[in-house]
Amino acid sequence: MKLHEYQSKNIFSKYNIPIPKGRVATTAQEAKQIAEELGGRVVIKSQVLVGGRGKAGGVKLAKDPAEAEQLATQILGMEIKGLPVRKVLVDEASAIDQEIYFAITDDRAAKKPVLIASAAGGVDIEEVAAKTPEKIIKVNIDPLLGLREYQARDVAVAIDLPRDYWKDFTKIAMGLWQVYQNTDASLAEINPLVITKDKKMIALDGKMMIDDNALFRQPDLAEMRDTDEDAPAEIEARKYGLSFIKLDGDIGCMVNGAGLAMTSMDVIKLFGGEPANFLDVGGGAGSEKVAAAMRIILTDPNVKAVLFNIFGGITRCDEVAKGILVAMDEVKPKVPMVVRLVGTNAEEGRRLLENANMITAETLADAAKKAVAAAKG
Amino acid sequence: MSILVDKNTRLLVQGITGNEGLFHTTQMAAYGTNIVGGITPGKGGEWVLEGKIPVFDSVKSAKDATDANATIIFVPARFAPDAMFEAADAGIPLIICITEGVVIHDMMRVRNYLDQKKVRLIGPNCPGLLTPGEAKVGIIPGNIAIPGNVGVVSRSGTLTYEVLYAMKNLGMGASTCVGIGGDPVNGTNFTDVLEMFEHDPKTEKVIMIGEIGGNEEEKAAEFIRTRMTKPVASFIAGQTAPPGKRMGHAGAIIEGGAGTAADKVKALEAAGVKVAKHPEEIPTLLQ
C-alpha cells in the first residue's frame, strides 16, 4: 500500500524527522488560507500516488497567498498519469543549499533492509544511480540488530556531509529506521532531504510503501488507504482477499496461484487472445471466494469468454466447483466458460460441473485455445 | 538418492490440527511420508489420523520424543514467524513453510536468524517438496509426478504442478521437485537448489521455473553458465504481465531495472538454457 507524501511526512515528524510547516487542502480557498497562515512563499504539491509529479507540472512555487490560490486551482484541475488530483499539500517554501537522497528499503537479494544515500539527491536520482553508481552509498542493516548509529555516521562521511551535520543526519537516520521498522514499511524514502540556506536539515518530500501483509497489525495505517485511485473491481477483490488487476482484453481469467495466473495470460496471448484480467484466487480458496471472483470478472462488459484454470494443491477442486455453481446461479452469465480442473479432488469437481453447461479442457494449451475460440464467437 | 527429503525423512507437522494442516497431513501420510508427530499448542497428548500420529505442545517436546529431522509449517501467517523460530531453536535442520502472506520484515529476521543457526528453510509461500515414490513434504498432489532423473525447482506453486503433470504425460519422472516459494525474502533460492541437483547422482537434468521480478533467475543463469554440467530447461512466467508496482526510486536503484521476463530469458539463453514458450513445452526440451 502506498502512502501520500503528506501522510508519509506526518509519520516522519512523529519520529522527530523535521518536515516543512504545511497542511493539505482540497480546495483553492483552503490553499490560500494555509498560505496566509504560513505567511509567505509556499509550494503547492499535488497529492497523487504516482512518481514524476514535478515533471508533470504538479508541483509549483507561489510567492503569495493569491498566487497560491491560483496555482492550487490549476493543480486541483489536473490529471497526472491518468489520476485526477484531489488534494494538494501547501508547504512553507525552503531556500535550498543541497539536496540529499535518503531511503531505507528491503534488499531482497541480501535478505536485509538497506539504507541508501547520495549527495546527488533530487528528481534525477535514478539517472545518477545508472550513470554514476559510485555516488550511491548502500549499507545493509542487520534486521536482528537494527540500524546502528555508527552506520549512520559512516554514511554521513561517505556522502561528504560536513562534520556540523553529522549529528542531525544521524538523528534523522535513526528516526527513519524507526519509521521503517514500526510501520512494516517496504520503503521509507526522503528525496530530497535538504540542507537549507539557514543550515537546517529538512525532509522536503516523503514516500512510503507499507507491506500489505502487515496491515492486520497496523490498523492506523490501514485506515490511511486512499481508495479514490483504485478501480472499484480492485477494491471489491481486495475485500475477498483476491489478487486482481484489470487489463484490456476480452478473456476473463480465474486461476489459482500468481505464477500460473501469469502463465495462463501468457498462453492466451500465445494462441492469439487477449486476457481481460489477472486474477489469483489464492491458495485454499473456498466456494465463497470463487463466487466473488466470478462476479468481479463478469462485471467487466468487455469479457466475451471466461477461462477457469485450477490446478489443485492446497486449493480443492470440488470447493472451486461449488463456488462456480453458486456464482453461475447468482450471476447467470451469458458468456461461454472454459473450465480446466486438475489436482486435488479434481474428479469430484468435474462431477459437480457435469451439468453446468461449460466447455471442458484437459491441458492448459487446450484450455487457452478453446477460450480464444469462444471469445471470437 | 534425491535432495532434501526421502524415505529417511522423519517429519513433524506444525499446525497439524488446523483445517489445512490436517487435510495435508492425511494426504502426505497416504503418500507414504514418514510423519512422526505434529504440534498444536494446547492439544499435546491428542492423536490424529485414527491414533497414528501423536500431537505435542511444542516443537522441542516433539523433537525429543520422535527424533524428527524435518518440519512442515501450516500455521496462519501471523503465527508462522514464531513457528519457524521455534523449530530452529528446537534443533530441526530442515524447515518447510507453506504459509502465504508472511510479513517481509518478519521474514528478514527469520532468515537472518536461521542462517546463523545453519538451518535450511524452504519457503514460505511455497508448495513444498516432493521426491516421487519416497516422500511428499508439502501440498504438491502426489499423483501428478513419477520417479525419475529430472530435478525440478520453481518459484511458483500451481505452475510447478503443470510442469510435473506435463512431464508425467510424457513418461518423464522427477528426482525431487522443490518449490522455493514466490516471496521476496525466502529461505532457499534457485542457485542453492541448482547446486544440490548438480551434486545429486540421481539427477541428470534440471527444469527451472521462474517468474518476473527480482534477480534470482539472472543469478541462477550465471551459476549455470559457470558451474553446472547438467542440462537445464526453463520457463519464465509473466511475459505478458503489465509492469508491476514500482518501489519508489529505491527499487530501481537496488534492482537496477532487472527483473523483466525478457531480461531473464536472455540471461538464461546466454547460459545455454533452453527456454520454453509455454509450460507444457518444457519437458519436450529435455527429451
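Per chain, numbering begins at 1; letters A, B, ... match sequence-line order. Remember, it's a predicted structure, so these values are computed and weren't measured experimentally.
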Winner by heavy-atom pair count (cut-off under 4.5 Å) against chain A, out of B:V185, B:V103, B:I98, B:D115 = B:V103
Look at B:N169, B:I144, B:I139, B:I209 and state which one has the largest set of heavy-atom pairs under 4.5 Å with chain A.
-> B:I139
Closest heavy-atom pair and its distance - B:E100, A:G282 | OE2-C, 4.3 Å
Could you state the interatomic distance from CD1 (A:I310) to OH (B:Y161), rounded to the nearest 0.5 Å?
-> 12.0 Å
Any side-chain heavy-atom pair of B:Q116 and A:L144 under 4.5 Å | yes
Nearest 0.5 Å please: distance from the OG1 atom of A:T315 over to the CD atom of B:E20.
-> 8.0 Å
With the side chain counted from C-beta on, respond yes when B:P279 and A:L364 share a heavy-atom pair under 4.5 Å apart, and no when they do not.
-> yes
Chain A interface, residue from B:D106, B:I212, B:N189, B:N19 that has the most non-hydrogen pairs under 4.5 Å | B:D106
Atom of B:H105, atom of A:Y180 and distance for their closest heavy-atom approach = CE1-O, 3.0 Å
Do side-chain atoms of B:T158 reach the backbone of A:F311 as a donor and acceptor pair under 3.5 angstrom?
-> no
Between B:N112 (side chain) and A:K111 (backbone), is there a donor-acceptor pair under 3.5 Å?
-> yes
Considering only heavy atoms and a distance below 4.5 Å, find which of B:H24, B:E211, B:E162, B:Q239 pairs most often with chain A.
-> B:E162
If every non-hydrogen atom of A:G259 is compared with every non-hydrogen atom of B:A237, which pair is closest and at what distance?
-> O-CB, 3.7 Å
Give the member of B:I140, B:N143, B:N186 that has the highest number of heavy-atom pairs under 4.5 Å with chain A.
-> B:N186
Between A:V267, A:L270, A:N309, A:I104, which has the largest tally of heavy atom pairs under 4.5 Å with chain B?
-> A:L270
Please check if the side chain of B:E280 supplies one atom and the backbone of A:A365 the other of a donor-acceptor pair under 3.5 Å.
-> yes
When rounded to the nearest 0.5 angstrom, what is the spacing between CZ in B:F23 and OG1 in A:T344?
-> 5.5 Å
Tell me, for B:R78 versus chain A, whether the close heavy atoms (under 4.5 Å) come from the side chain, the backbone, both or neither.
-> both
Taking 4.0 angstrom as the limit, do A:D142 and B:R109 come out as a salt bridge?
-> no
